[in-house]
Amino acid sequence: MIDVLRASTTICHALDSGAVGIVPCRTIDAARHEALERKGQDVLLGGERKGVRIDGFDLGNSPADYTPESIHGKTIIFTTTNGTIAIDRAKHAADIVIGAFNNVTAVADDLANSKKVALLCAGTEGKISGEDVAAAGAITAHLLRKSEKTSQRTARLQNSVQLNDEARIARAWYGKVTSILSILRESRGGQRLRQLGYDQDIEIAAQMDSLDIVPRLDHATQFITLCSRPE
Ligand code: 3SL
Ligand code: MG
């Protein structure tokens, strides 16, 4: 699942800062309920609606707020406008990982041996967002490069990665990107974040491969953690 602005980026930063896990919730009520159920545990409520922190929540959806000082050792109950809904829609997938520009290479390396990969772009309230498609294109390009290298090593003539039209479009779109920061700033979501004064979040989200981590949903616990790939 890819939601560059900002759910995926924030999840990556939260886990990198030492959060125990993220519990994605589809609605604000579900998040509040989850927090009540876990009363007494070290939990924080995080997320946004219309880009801003939800009333009564501890944190919004700015990756910069998820620092080790604020969240190390805590469980984050998290709900956002698009990202956590996309995670919920993917719930029947065998394996769900969270991708952003910050962790393109780590995610692509992790997915490289999968038989079938669906790159789910969260978009913005039902509309395509350019930044999510560009990140999907970056992951696709990395998977292709990896596969070409393997083919050369094993003297196989055919590239083993087969793309559908959507993946080809994403890759072509990413191929046209000269500045990730510009794509993010110009996008629908990016423009709104700038109006809200979140320029710093866009700059963080634009940093390619700043983190070498792969957040993964554990189906049993419904926690997103840095757990390794299921066998
Ligand atoms: O798309 C989402 O779920 C949010 O990350 C949107 S926002 O960037 O926080 O407005
Ligand atoms: Mg988004």
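Read the numbers this way: they start at 1 and go in the same order the structure lists the ligands and their atoms. All values reported here derive from a predicted model rather than from experimental measurement.
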Open item on the list: Side chains of Asp109 and His142: any donor to acceptor distance under 3.5 Å?
Closed with: yes
- [ ] Could you tell me whether Ala7 and ligand 1 have an N or O pair separated by under 3.5 Å?
- [x] yes
- [ ] Taking only heavy atoms of Gly83 into account, list the atoms of ligand 1 that are under 4.0 Å away from them.
- [x] 1 (O), 2 (C), 3 (O)
- [ ] Indicate yes or no for a side-chain donor-acceptor contact from Asn82 to the backbone of Ala122 under 3.5 Å, with no hydrogens or angles considered.
- [x] no
- [ ] Decide whether an N or O pair under 3.5 Å exists between Thr80 and ligand 1.
- [x] yes
Open item on the list: With heavy-atom distances below 4.0 Å as the criterion, list the atoms of ligand 1 near Leu193.
Closed with: 8 (O)
Task: Thr124, portion touching ligand 1 at heavy-atom distance under 4.0 Å - done: neither
Task: Whether over 12 other heavy atoms sit under 6.0 Å from His219 NE2 - done: yes
Task: Opening angle at the Mg ion (ligand 2) [OD1, Asp3; O, Leu5; to 10 degrees] - done: 90°
Task: Where Ala134 and Ile183 come nearest, the two heavy atoms and their spacing - done: CB-CG2, 4.5 Å
Task: Leu163 reachable from Ile169 in the ILVMFWY side-chain graph, under 4.5 Å edges - done: no
Open item on the list: Tell me the protein heavy atom at minimum distance from atom 1 (O) of ligand 1, and give that distance in Å.
Closed with: Asp3 OD2, 2.6 Å
Task: Sub-4.0 Å heavy-atom contact, Lys50 with ligand 1 - done: no
Task: Gly51: numbered ligand 1 atoms lying under 4.0 Å from its heavy atoms - done: 10 (O)
Task: Proximity winner for atom 10 (O) of ligand 1, if only heavy atoms of Arg192, Arg6, Glu48 are counted - done: Arg192
Task: Which of the ligand 1 atoms, numbered from 1, are nearer than 4.0 Å to a heavy atom of Thr81 - done: 3 (O)
Open item on the list: For residues Leu211 and Met1: do they belong to one hydrophobic cluster (side chain heavy atoms under 4.5 Å, members Ile, Leu, Val, Met, Phe, Trp, Tyr)?
Closed with: yes
Open item on the list: I'd like to know if the side chain of Ser114 and the backbone of Leu111 have a donor-acceptor N/O pair within less than 3.5 Å.
Closed with: yes
Open item on the list: Please say yes or no: joined through hydrophobic side-chain contacts below 4.5 Å, possibly via intermediate residues, are Ile87 and Val133 part of one cluster?
Closed with: no
